[in-house]
Amino acid sequence: QSPDGVVDLNRAAEVLEVQKRRIYDITNVLEGIQLIRKKSKNHIQWMGTGIFEDAAVTARQQVLRGELAELARTERTLEQLVQDCALQLRQLVEDEANQRYPCWGRREGGRAGPSFSYTSCLSTLAYVTYQDLRAISSFQEQTVIAVKAPPETQLEVPDFSEDNFQLHLKSTNGPIEVYLCPEEITEESP
């Protein structure tokens with residue numbers, strides 16, 4: 001034992017009652033993986049983790065362990081949220097009340113379009129209402145526009161300024177629907 005981690009190899013061979021050559025074989029391996037370093041002839045110093053570790057390194061390791069534990073908790077929380085969302089989606093799809101409209105599928109001949117077979121493909125009524133959008137606190141006192149557009153629709157905002165906001169939408173894959181979400185909704189509104 002040594003308070004500073006320095007070991008006399010001659011003394012180690014005597015105490016352990018082994019050949020000095022065996023001690024050198026072991027120290028060569030430990031030096032190769034940077035757990036020890038040679039201080040002088042026949043003296044080595046422990047550099048690996050353990051009782052001789054620098055206090056700053058130990059403190060940093062504790063901080064990193066804490067961060068790792070927090071990340072693990074966050075990961076578990078997110079995993080639980082993903083599982084909850086998957087369950088809710090499965091329940092939404094399996095609810096018979098949501099399976100009464102045709103889905104967007106393949107027509108005869110392979111063309112994309114509405115499929116009107118109620119037995120071969122059931123669609124789910126998953127939608128967002130004006131009230132849902134207006135309930136989002138960051139949308140309060142804002143102009144809210146909802147856009148329903150086909151895949152690969154291009155959106156461009158030329159020369160953005162607070163006074164003059166323009167929005168250009170372009171699609172070659174079908175119609176684009178744009179809805180203004182008013183702040184107050186009457187009972188007859190969808």
Side-chain angles (χ1 to χ4, degrees), residues 1-7 12 25-39 43-99 103-105 121-162 165 167-171 173 176-181 183 185:
Q1 296 182 8
S2 170
D4 59 356
V6 177
V7 176
D25 289 342
I26 293 168
T27 58
N28 285 336
V29 171
L30 294 175
E31 188 176 16
I33 59 174
Q34 299 177 349
L35 287 177
I36 64 169
R37 67 178 175 168
K38 288 186 180 177
K39 287 290 276 182
H43 290 86
I44 54 101
Q45 182 175 24
W46 180 256
M47 295 176 48
T49 59
I51 60 173
F52 308 112
E53 198 168 76
D54 184 5
V57 171
T58 302
R60 178 70 179 140
Q61 285 178 339
Q62 286 178 332
V63 168
L64 291 173
R65 283 188 192 103
E67 289 176 8
L68 185 60
E70 180 61 30
L71 287 171
R73 281 190 294 276
T74 301
E75 182 182 27
R76 285 191 300 273
T77 300
L78 290 173
E79 184 61 36
Q80 185 61 49
L81 287 171
V82 167
Q83 289 176 2
D84 291 347
C85 286
L87 175 63
Q88 289 173 7
L89 281 173
R90 190 172 12 337
Q91 289 171 342
L92 181 68
V93 170
E94 292 171 355
D95 185 351
E96 288 183 24
N98 293 335
Q99 297 179 351
C103 73
W104 192 263
C121 179
L122 297 175
S123 177
T124 300
L125 299 175
Y127 57 89
V128 177
T129 66
Y130 290 126
Q131 292 86 356
D132 293 334
L133 292 174
R134 281 298 175 187
I136 299 171
S137 62
S138 61
F139 289 166
Q140 300 301 315
E141 299 182 22
Q142 299 286 325
T143 300
V144 178
I145 299 171
V147 177
K148 180 180 177 185
E152 300 181 26
T153 298
Q154 295 177 3
L155 178 130
E156 181 183 331
V157 181
D159 302 324
F160 174 78
S161 72
E162 293 285 329
F165 184 76
L167 177 64
H168 296 249
L169 294 164
K170 181 179 179 181
S171 172
N173 294 332
I176 299 171
E177 298 176 34
V178 179
Y179 304 95
L180 178 62
C181 299
E183 289 189 40
I185 306 295

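Nothing here was measured: the structure is a model prediction, and the numbers come from that model.
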Inset, instruction - State the CG-CH2 distance between Leu35 and Trp46, to the nearest 0.5 angstrom. - result: 4.5 Å

Inset, instruction - Mind listing the closest non-hydrogen atom pair of Leu155 and Leu167 along with its distance? - result: CD1-CD1, 3.4 Å

Inset, instruction - Indicate yes or no: at least one non-hydrogen side-chain atom of Cys181 is less than 4.5 angstrom from one of Thr143. - result: no

Inset, instruction - Can you measure from CD (Gln61) to CG (Leu68) and round to the nearest 0.5 angstrom? - result: 12.0 Å

Inset, instruction - Return each pair, listed once, that meets salt bridge (charged side-chain N to carboxylate O under 4.0 Å, His left out) where at least one residue sits in residues 59-70; pairs must be two or more places apart or across chains. - result: Glu70-Arg73

Legend entry - Point-to-point distance, once rounded to the nearest 0.5 Å, from CG of Asn28 to CD1 of Ile44: 11.0 Å

Inset, instruction - Count the heavy atoms belonging to other residues, nucleotides or ligands that lie under 6.0 Å from CD of Glu152, then report whether that count exceeds 12. - result: no

Inset, instruction - Could you tell me which non-hydrogen atom of Ile36 sits nearest to which non-hydrogen atom of Glu31, and how far apart they are? - result: CG1-N, 3.5 Å

Enumerate, atom names and distances included, each donor-acceptor pair closer than 3.5 Å involving a side-chain atom of residues 79-87, sequence neighbours excluded.
residue: Gln80; atom: NE2; partner: Asp84; partner atom: OD1; Å: 2.9

Legend entry - Separation between OG1 of Thr153 and CG of Leu169, rounded to the nearest 0.5 Å: 7.5 Å

Inset, instruction - Nearest 0.5 Å please: distance from the CD atom of Glu156 over to the NE2 atom of His168. - result: 6.0 Å

Legend entry - Non-hydrogen side-chain atoms of Gln140 and Gln142 separated by less than 4.5 Å: no

